[in-house]
Every structure is written in structure tokens, then in C-alpha cells.
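Notes follow once the structure below has been shown.
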Number of protein chains: 2
Amino acid sequence: MTDTGGVADPAGPPEDSLSGSDLRQAPEHDLPPTSYALLGLLSFGPELTGYELKQWADSTLRFYWVAPAMSQVYSELTRLDRLGLLESRDDRTGQRPARRYKISERGMAELRRWLSDTPIDFPVLKHPAALRLLLGHLVDIDVTRKMLGGYIAQLDERRAELQEVRDGLGSDATFRFPAEVAQWGLSYYDDESRTVREIVDRLSNPEPPDPA
Amino acid sequence: MTDTGGVADPAGPPEDSLSGSDLRQAPEHDLPPTSYALLGLLSFGPELTGYELKQWADSTLRFYWVAPAMSQVYSELTRLDRLGLLESRDDRTGQRPARRYKISERGMAELRRWLSDTPIDFPVLKHPAALRLLLGHLVDIDVTRKMLGGYIAQLDERRAELQEVRDGLGSDATFRFPAEVAQWGLSYYDDESRTVREIVDRLSNPEPPDPA
DNA sequence: AGCTGGTGTTCCGACTAGGAACATAAGGGA
DNA sequence: TCCCTTATGTTCCTAGTCGGAACACCAGCT
């Protein structure tokens, strides 16, 4: 087993000193999915700083993928660059010096390979509202009802944000797939909101005899 | 800020030696949600080994909460025990010696406090199928269609498993809340399956002019 | 001059994921 | 009988992830 490398190398100076043998090394195994998520954002073309990439992920990606932390965005960029999947340069044209990254040909190829070859994982979910409903026997019913009411309010808020994202994509074929994903999310929020309202109704009217 | 403690203490022998001052210490801050998830399972009453708790979590909890890894189950049990939220004993009655844990009064109280006082977080989602659909521009359309077909098949499978869980809960009022949560999950799988089928249809018939 | 807020990045500690490793028992087949 | 597989029960290690603190600099406002 060869060393696939730690992300940070605090001992070595970053400039010059082509010391490592792991420069431009192919990622023998799959990277974690979050790496492909960020690489995927960059596959749409822009040349971004870590800060800008984080903002973009926060505004769109987070609806179906956990928005990675700032620190993780930067360490991912460092790693992807080291693997040759990105190209980077120092940008001093703006008011602030910054490092800008864009996807490389290698990166595009690796992304295509991953999309074609890798079996799909089932979604991973952490659903606090469901967990709390499960534990309803421990608290007064009003606590649970109130909790679900708050969840519905959050759903409405998120739905409105996602609607804005979807509207911003227009009907241009360029953003056909992002638009499909946004639509998917909107359907999800609508269905979820309806389902939770039904649950709240059932909690209020304990046993409505089925009139069928 | 006082030390809220590492989970493992490899230096110290576990028996006797009341060395620490952090025994039976209240958790000043909230524990991570996964801790409350496991504590919540134990709030239904049983006295379990780490192994059994992991199996239970795998069979039911995983539908709306990431099933924690074996190693995490054990470290959580150790921590919750150290905090006085669990009671534990060595069990040698079975064929294999094992440590059994059940929830304490303190644990029940802390769980109730958390349910009542803590604001609810929005669900966290990692949705590989959505991420791949987003990147549809990179691959042939058939790759994306096939990917979504595989996802639908996984959905059907999961739905069948959850249906069994739900059937096992019956209509007894004891499991009213677990049954509601299971029903919630079933609705989610049904809605998601329908939505994804619609997406696949749209991918096949690119622009069906709206006949309205 | 100082305050606040946005840009840009790094570092650290805690939490989480996943598998390897270890140990023992039960059951089945050559 | 011996081996193999499966299940029980637990620990350890590595890498990945999260969240905040810290640092730095610039712009606009008071």
C-alpha cells in the first residue's frame, strides 16, 4: 500500500523545491464524494478562489450535498491541485492577492471516469425532526407538535431559497441538469411539507376512524 | 472552559482507581446528535451490548439517521456511561462475557431536556444521485438514465425493508411514534420514486411542449 | 481613529467513518 | 477430528469531516 498522502505538509516550504514524488500523481482509489462535488462545481468552467467556491457551494450545492466547511474547501483544493486535477495561479489583479483554481483536463477526465464507473451510493440522511418524533413518548405531545411546526416553517424557507436558485437558472439548455436537480429539490420540499402536515394532523386527532 | 474529555483513556485502567474528577459529570453542552440517537434507542427500555445496539440501529434507525459505525457505538457507550447517562454491568450469563448498558434516570432526564430545549436543525443530506444528475453535462445521457434507474431500484429495495419494520411495529399505542416515523419514511420513498421517474421521462423526451 | 463587515486563508481540536485486528463460540462438512 | 464459515463482542488506527478561532487586509461609516 503506497502512501496516498496527507493533505497538509507543514514541514516543507510550498514554493519551488520540487521535492515530492507525489506531484501530479493519479488518485489510485476514488476520492471522497465531497471532492468530486467540488470538482463538479468547477467543471462548469469558472476560475475561483476558495472563498468564492465556498460561497457558491453554500448557495446551491447545499440543497443536496452537505456544504463543506471553509477549512475543508481549502484542503480539498490543495489536494486536487497536488493530484493534477486542478490548475492554480496567484492572482494579484484584484485588491486582494488570492489563489485561483480551475479544473484541468485531467480533472475533467477523472470526473467523467468517476461518473461512468463508480456504483452509486444510497443517500445518507440525518433527519433531526424524524429522530425527535421517534422519541415522542418522552415528552408532552405539544412539544412534538411545536417541533414539527418549526420544521415546516424551515421547509418553507428553504423552498423559497431553492426557488430563487431555480429561477436563476432559466430555461437555457446549458443549465438543463442543474435545473432538473433544483426541480427535484422543490418537489421534495413540497412532498415533505405535505407529509409532515398530515402527521401533525394525526397527532392532533389521535384515532380518526377510517371512513372507508 | 473545562475539559469535556476525550472519549477513550488508554492510559488508565478502567476498574477501580476513582482517579478522575469527571466521573458522573453533567454534560454542560449538548452532546452530538448521534449520542442522543443512541440514548433514544435505549430509552425504549432494553439492556443491550454494543453489538446488539449496533444491530438495532442498522435495522431501524438508519432510515432517518446515519447508522453510526461499530467503533462509534462503543465509544459513545463509554462516554455516556462516564457521564452517568447510562448504567452498565458485566454480563457473564450468556455464552460470551459482555458489557450491557441501559439508560439511567439521569439519561432519561437529559434526553427530555434535549428534546424540549434544543432548537431543531434542518436535515443534512448527501444525495449522490442528485450530485450525479447535476453533472449530467459531462457524460452521455444514457449514463445518467442508467444511474437514475439504479437509484430507483435501490429505493424500491429500501422501501420493502422499511415496510417490514413498520409491519413489525403493529398498531399498538406503545410504538405509536416509531410507527409514525416509519410511515413518514414510506411516504418519502414513494414520493421520491415518483419524482425520479418523472425526471427520467423528461430526460428521454427532451422538450414535450406543455399542452396546457 | 476606531468599528464593523466582507474577503481570503490557515490551524487546531473534536467528531465521524470504515476497516483491520483480535478473541471466542457454534454449526456444518470433508 | 479438523477446518471453515458465520456470528458475537470489542478495540484500535487512519483518514475524513466539522466548526470555530485566529490572522490579515481592505472598505466604508462615524
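All values reported here derive from a predicted model rather than from experimental measurement. Each chain gets a letter, A, B and so on, in the order its sequence line appears, and its residues count up from 1.
Whole-Å rounding puts the A/Leu77 CG to D/dT17 P distance at 14 Å. When rounded to the nearest whole Å, the span between CZ of A/Arg92 and C1' of D/dA24 equals 15 Å. Rounding to whole angstrom units, CG of residue A/Asp90 and C1' of C/dG8 are separated by 12 Å. Rounded to whole Å, the distance from CZ on B/Arg96 to P on C/dA26 is 9 Å. We find that CE of A/Met70 is positioned 13 Å from P of D/dC18, with the value rounded to whole Å. The separation between A/Leu53 atom CG and C/dT7 atom C1' is 15 Å, rounded to whole Å. To the nearest angstrom, C1' of D/dT17 lies 12 Å from NZ of A/Lys54. Counting to the nearest Å, the C1' atom of D/dT17 and the CG atom of A/Leu31 are 15 Å from each other.
Of the candidates C/dA17, D/dT11, C/dG8, D/dT11 carries the atom nearest the B/Tyr74 side chain, counting heavy atoms from C-beta on. Listed candidates were D/dT17, C/dA17, D/dT10. Nearest to the side chain of A/Lys126 is C/dA17. Considering only the side chain of A/Tyr51, C/dT7 comes nearest among D/dT17, D/dC18, C/dT7.
The shortest distance between the side-chain N/O atoms of B/Arg79 and the OP1/OP2 oxygens of C/dC15 is below 4.0 Å. For A/Thr34 and D/dT17, the shortest distance from a side-chain N or O to OP1 or OP2 is below 4.0 Å. Phosphate proximity of C/dG6 to A/Gln55: absent, as no side-chain N or O sits under 4.0 Å from OP1 or OP2.
Ring orientation note: the planes of B/Phe44 and B/Trp56 are nearly perpendicular, at an angle over 60° on the 30°/60° scale.
Exactly one residue among A/Lys126, A/Glu157, A/Gln154 makes a side-chain contact (heavy atoms from CB on, under 4.5 Å) with B/Phe122. That residue is A/Gln154.
One can find a donor-acceptor pair under 3.5 Å joining the base of D/dG19 and the side-chain atoms of A/Ser71.
In this structure, the side chains of B/Leu86 and B/Leu77 come closer than 4.5 Å at one or more pairs of heavy atoms.
Heavy-atom nearest nucleotides on DNA chain D were determined for A/Ala69 and for B/Arg99, and the one closer to the 5' end corresponds to B/Arg99.
The residue B/Ala98 sits close only to the backbone: its heavy atoms come under 4.0 Å of sugar-phosphate atoms, none of a base.
Side-chain rings of B/His127 and B/Tyr151 approach one another, their centers coming within less than 6.0 Å.
Ion pair A/Lys102/A/Glu87 flagged as a salt bridge, since at least one NZ, NE, NH1 or NH2 atom sits closer than 4.0 Å to an Asp/Glu carboxylate oxygen.
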